[in-house]
K.L.:
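One structure, as C-alpha cells, below. Some questions next.
Chain letters run A, B, ... following the sequence lines, proteins first and then strands; every chain starts at 1. Owing to the predicted nature of the structure, the values given are computational and were not obtained by experimental measurement.
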4 protein chains.
Amino acid sequence: MDSRPSYDEKLLGILRASAGIFAEKGYHRASIRDISAATGISLSGLYYYFRSKEELLFLIQDHCFGTLLQRLEEGLPGGDDPAAHLHLFIRNHLRFFLANREEMKVLSHESEVLTGEYRAGVAAKKRRYTERASDILAELLPRGGVELRTATFSLFGMMNWIYTWYRPDRDGNADELAESMTHIFLRGCLTPMGAKRDAAPDGGLEGAPSIWRTG
Amino acid sequence: MDSRPSYDEKLLGILRASAGIFAEKGYHRASIRDISAATGISLSGLYYYFRSKEELLFLIQDHCFGTLLQRLEEGLPGGDDPAAHLHLFIRNHLRFFLANREEMKVLSHESEVLTGEYRAGVAAKKRRYTERASDILAELLPRGGVELRTATFSLFGMMNWIYTWYRPDRDGNADELAESMTHIFLRGCLTPMGAKRDAAPDGGLEGAPSIWRTG
Amino acid sequence: MDSRPSYDEKLLGILRASAGIFAEKGYHRASIRDISAATGISLSGLYYYFRSKEELLFLIQDHCFGTLLQRLEEGLPGGDDPAAHLHLFIRNHLRFFLANREEMKVLSHESEVLTGEYRAGVAAKKRRYTERASDILAELLPRGGVELRTATFSLFGMMNWIYTWYRPDRDGNADELAESMTHIFLRGCLTPMGAKRDAAPDGGLEGAPSIWRTG
Amino acid sequence: MDSRPSYDEKLLGILRASAGIFAEKGYHRASIRDISAATGISLSGLYYYFRSKEELLFLIQDHCFGTLLQRLEEGLPGGDDPAAHLHLFIRNHLRFFLANREEMKVLSHESEVLTGEYRAGVAAKKRRYTERASDILAELLPRGGVELRTATFSLFGMMNWIYTWYRPDRDGNADELAESMTHIFLRGCLTPMGAKRDAAPDGGLEGAPSIWRTG
DNA sequence: AATGAATGAGGGTTCATTCAT
DNA sequence: CATGAATGAACCCTCATTCAT
C-alpha cells in the first residue's frame, strides 16, 4: 500500500487549488506564487505539472468541461420527451455547477483568456456541449417561436450567471434551481409551477421531481 | 466659439476608449499604457483625469449605471400593466446594452474588481437598479411560482450573458431581443410568440411592439 | 492702506510653509504638490516665486542662515570674556533654533542636497558662521587641550542634534538649554552647575542667567 | 569546498553596498536601480533578499544597531568606575562609527524614514542602546548638574554629528576622538587634557589610554 | 521530482516642470 | 500673477519563467 499521492492525484489537487484562486482573484490577478502558497509546492516545482500559467488554466477548463460532458452522457439516456431531456440537461449542468462552483466560475468568467491551441481545445468541447442543448431545444421550440440561438444562449445565460448571485443558504439546491429554471425557460414565470401541463411521456426522467412526470 | 473639447468631454472620451480596452483585454490585462496609446494622451497626462486605474474603472461603471438608471426612469412612465413594465425594463436594458456593448461588458464582467468606496458606490446603484426589476417581478409572479430572487437573477443572467454571444449580424436588434427574452421569461419557450395572451390593458406601452398590445 | 500681502510677504509665507513640509517629510519625499496644498497656491503658480525645487530649498537655507548670522552680529557686542562670548553664541543659536525648529531642521538635515551655486552660497554663510564659533573657541581652549576642529564640531553636534530629541514640554527653553550646553562644553558634566568658577568679567552678558555673572 | 557566497554572505554584501549608496545619496534619492548597479544583481533579483526598499533600510539599521549593541555588551565588563564606563561606551560607539561610517550615517541620518513594525523594531534597539548611556550618566551626574536627558542627548549629538564633518586625515582616529569627547563631556573644554583628575580606581579599563588610569 | 536563486519585461504611479492662456 | 492641462523621466515593485542543482 502506497499512500503517497500519484502524479495524477497531485495534479488534480493543483487544479482544484488553482481553480479556487482563479475564481477568487481572477486569472490575471492570480499569481503562480499564490498557487505555490496554496498548494505548498515551490514556485518552480509547479512547472513540473504544467508548462505555463496558460496551460494551467487550460487544464482546469478542459478537465472541467470533460467531466461536465461525461456526466451529461452518463445521465442522458435515450427517451423521446425533449422537455424531460432539457430538464435533465439543466439539472446536470446545475448539479455540476454548484458542486464545483470555483471551477465553473473559472469556466464562465475566464472563457476569453486562452489562446491558440488551448483556446481551440476548450472551444471544441464547449461547442459540443452547447450543441447538446441546442439539439434538445430544436425539438422543443414551436414554429414561429423564439430563435434557436437566442433561446440556447438565454438558457445558458440564466444558468451560468448563477456564479454571480447564488447563495446556498438562500437559493435552494441544484435540483430545485434546475426545476425553477426549466420552468421559467419552458413555461415562463407567469405560469404557476404546479400547473398541469400537456401530457408528455416520461423520457428517462427517473429521479426527476414528480412535477415533470405526468400523472 | 471654442471648438476644443471641454474637460468633461475629454473625460468621457477617455472613459469610452478605456471601456473599449477593458472590454477587449479585461481590466487586469489592460494597461494604462494601452489607454494612453488609445487616447493619444500621455501616460502621466491621464492621471489628470483619474486618480488610479481603479478609479477609472469606477468612473466607467458608475457613469454606465447612472445612464442606465436615468434612461430607465425616463422611459418607465406610470401604468398598471406589470407585464408591459417588465417588457419596457428589458427593452431599456437591452437597448442600452447593445448600444454600449463595451461598457456593458465591463459592467458585467468586471463587477468584482472594485474595492472599498468605489465598490460600494457602484453596488448601491446596482442594487437600486436590480430592485426596479425585482419590484416589477413581485407584481407578476403568481403564488406558488418561482422564487423572486431566482426569477430576478435568471432574468439578469439571460440579459447580461449577451455580451458573450451576441452578434449583430445574426441575432436581431435590441428590440427584437427584448421581445424574445420577455417572451421566454414570461411565457416560456414552448409558447408560440404570436399566441393570443390574456387580455391586458396597455400599461404605458406606447411604442412597444404591437404584440404586447392586446387587440 | 493696502492689506494685500506683498511679493516678499508671500514668498516668506511660502518659505515657512515649505520649511515645515521639508522638515516633516524630508526634502526628497516632499513634493511641490504638498507645498501647493499647504500654501493654497496652485502648482504652477509657485514657480513664480522660485525657479525650481532646489532653489526653494536654497531660499529657505539661505534666509535661515542669513537671519542667524544677522542675529548673531546684533547680539554679540564687543567684550573680552570669550567664555561669555561663547555662551552668547550658543544662546543665540539655540534661541533661533528653537524658535525656528522647522527651518533649522531643514538646515541641519538637508545640508548635502544643494548643488552648484546654491550649495556654494549656503556653504559660504555656513563657513562664516562656523568660523565665529571657531574663533571664540580658539581663545578659550587651553594648550594641550582638545583639537579646535574637534571642539568646534562637537559643539555644533551637541546643538544641532537637538532637532532629533527636543521636546518643549520636557527639555527647558532655549536659554536653559544654552546654559546647560555651555556648561557641559566648557566645564563638563562632572562639574556641578552652581559651582563658583574662576572670576571672569561679564562680557556683555546682560540678560544672561546670573550664574554667568560672577558675583 | 564550496567558495560560492552563501545567502547570508550575499545579503550582507547587499546591505553593505546599499548602506554606501544610502549614505551617499540619501535614502529617498537612492534607487533600487542604483543598488542593482552597485551589487551587480538584477533589479528584480534584489527582491529575493528583501521585500521592499523600506525593509532594506530596516535590515541595514537593524543589523547595524545589533552589532553596535553586541560589541557594547562584549566590551563593557563589570567595574565600578562610571567615568571609565562612559569612556568605554564612547570609544565603542566611535570605533564602530568610524569603522562603519556609511552604515552609521544611514543610522543617524535616516532615522525617521522607517514606519510601522520596522520603525518599532529599530526604535526598540535604539532605546536599549540609549539607556545604556543614560544609566551610566545617571551615576555620574552630580546633584544640581545638567539634566540627564539633556546630558545624554548632548553626548549623542556630539558623537553622531561626526558623520557631517569627520575627515580621517585631519581628525584623529576613533580612540583619539573618543578620548577628546569623553574629556569634553566630563571635564569640559576649559580643562587641559593632561590634568590630574580625582583618583579613580580603574574600572575594567584595560587598553584605555593612560590618561584614564590613575597613576 | 523538486527547489533556490535569479531575471527581463512590464505594471501602476509620482514628480518636477512647462506653457498657453 | 496665476492656473489648468499636460508631459518625460523615473521610481518601486510584481510576474511568469528559467536553470543549475
Side-chain angles (χ1 to χ4, degrees), chain A residues 4-7 10-11 27-36 39-57, chain B residues 2 4-7 10-11 27-36 39-57, chain C residues 4-7 10 27-36 39-57, chain D residues 2 4-7 10-11 27-36 39-56:
Chain A
R4 282 176 310 172
S6 70
Y7 174 90
K10 288 201 89 172
L11 176 57
Y27 172 79
H28 283 111
R29 249 198 84 219
S31 74
I32 304 282
R33 273 163 178 83
D34 292 332
I35 290 162
S36 165
T39 55
I41 301 174
S42 77
L43 196 50
S44 39
L46 287 171
Y47 281 80
Y48 178 73
Y49 294 95
F50 49 82
R51 246 191 274 281
S52 68
K53 192 185 177 187
E54 190 176 6
E55 181 173 286
L56 173 58
L57 178 58
Chain B
D2 194 342
R4 283 173 315 166
S6 70
Y7 174 92
K10 285 206 90 171
L11 176 57
Y27 173 78
H28 284 112
R29 251 198 83 218
S31 76
I32 304 284
R33 278 162 180 85
D34 291 332
I35 290 162
S36 166
T39 55
I41 301 176
S42 74
L43 191 50
S44 47
L46 287 171
Y47 281 82
Y48 185 73
Y49 293 93
F50 49 83
R51 253 191 269 281
S52 66
K53 192 186 179 187
E54 189 176 7
E55 181 173 288
L56 173 58
L57 178 58
Chain C
R4 283 176 310 171
S6 70
Y7 173 91
K10 287 200 89 172
Y27 172 79
H28 283 110
R29 252 198 82 219
S31 75
I32 305 283
R33 273 163 179 83
D34 291 332
I35 290 162
S36 165
T39 55
I41 301 174
S42 77
L43 197 51
S44 40
L46 287 171
Y47 281 80
Y48 178 73
Y49 295 96
F50 50 83
R51 246 191 273 281
S52 68
K53 192 184 176 188
E54 190 176 6
E55 181 174 288
L56 173 58
L57 177 59
Chain D
D2 194 341
R4 284 173 315 168
S6 70
Y7 174 92
K10 285 205 91 170
L11 177 57
Y27 173 79
H28 284 111
R29 252 199 82 218
S31 76
I32 303 285
R33 276 161 182 83
D34 293 331
I35 290 163
S36 165
T39 55
I41 301 175
S42 76
L43 191 51
S44 48
L46 287 170
Y47 281 83
Y48 184 74
Y49 294 93
F50 50 82
R51 255 192 267 279
S52 66
K53 193 185 178 186
E54 189 176 6
E55 181 173 289
L56 173 57

K.L.:
So which nucleotide from dT17(F), dT3(E), dT14(E) ends up closest to the side chain of Arg33(A)?
P.N.:
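Ranking dT17(F), dT3(E), dT14(E) by closest atom to the Arg33(A) side chain puts dT17(F) first.
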K.L.:
Of the candidate nucleotides dT17(F), dC11(F), dT7(F), which contains the atom at the shortest distance from the side chain of Ile41(B)?
P.N.:
dT7(F)
K.L.:
Which comes earlier along DNA chain F counting from the 5' end, the contact point of Leu43(D) or that of Ile32(A), where each point is its nearest nucleotide?
P.N.:
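Final value for this comparison: Leu43(D).
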K.L.:
Any side-chain heavy-atom pair from Ile35(B) and Leu56(B) closer than 4.5 angstrom?
P.N.:
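Contact flag for Ile35(B)/Leu56(B) side chains = yes.
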K.L.:
Quick one: are Tyr27(D) and Glu54(D) in side-chain contact, heavy atoms under 4.5 Å?
P.N.:
yes
K.L.:
Take atom OH of Tyr27(B) and atom C1' of dG12(E), then tell me their distance rounded to the nearest Å.
P.N.:
9 Å
K.L.:
For the side chain of Lys53(C), starting at C-beta, report the closest nucleotide among dG4(E), dT7(E), dT17(E).
P.N.:
dT17(E)
K.L.:
Using whole Å, what does the distance between atom C1' of nucleotide dA16(F) and atom OH of Tyr49(A) come to?
P.N.:
19 Å
K.L.:
Using the side-chain heavy atoms of Ser44(D), tell me which of these nucleotides is nearest: dT7(F), dC15(F), dA16(F).
P.N.:
dC15(F)
K.L.:
How would you label the contact of Tyr7(A) with the nucleic acid (heavy atoms, under 4.0 Å): base, sugar-phosphate, or nothing?
P.N.:
nothing
K.L.:
Whole angstrom is fine here: how far is it from CG in Leu56(B) over to C1' in dG11(E)?
P.N.:
15 Å
K.L.:
Paired with dT13(E): which nucleotide, if any, by Watson-Crick or G-U wobble criteria at under 3.5 Å for both distances?
P.N.:
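dA10(F) is the nucleotide pairing with dT13(E).
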K.L.:
Would you classify Tyr47(D) as touching base, sugar-phosphate or nothing, given that sugar-phosphate means primed atoms plus P, OP1 and OP2, and contacts are heavy atoms under 4.0 Å?
P.N.:
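Counting heavy atoms under 4.0 Å across all strands, the contact made by Tyr47(D) includes a base.
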K.L.:
For dT21(E), which nucleotide is its Watson-Crick or G-U wobble mate, given both distances must be under 3.5 Å?
P.N.:
dA2(F)
K.L.:
Nearest heavy atom decides the nucleotide; on that basis, is Ser52(D) or Leu46(B) closer to the 5' end of DNA chain F?
P.N.:
Leu46(B)
K.L.:
Does a side-chain N or O of Lys10(C) approach OP1 or OP2 of dC1(F) to a distance below 4.0 Å, or not?
P.N.:
no
K.L.:
When you measure from the side-chain N and O atoms of Tyr48(C) to the phosphate of dT3(F), is any distance below 4.0 Å, counting only OP1 and OP2?
P.N.:
no
K.L.:
Check whether any side-chain nitrogen or oxygen of Ser42(D) sits under 4.0 Å from OP1 or OP2 of dT7(E), and answer yes or no.
P.N.:
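Result: yes.
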K.L.:
Which part of the nucleic acid, if any, lies within contact of Phe50(D), taking any heavy atom under 4.0 Å across all strands shown: a base, the sugar-phosphate backbone alone, or nothing?
P.N.:
nothing
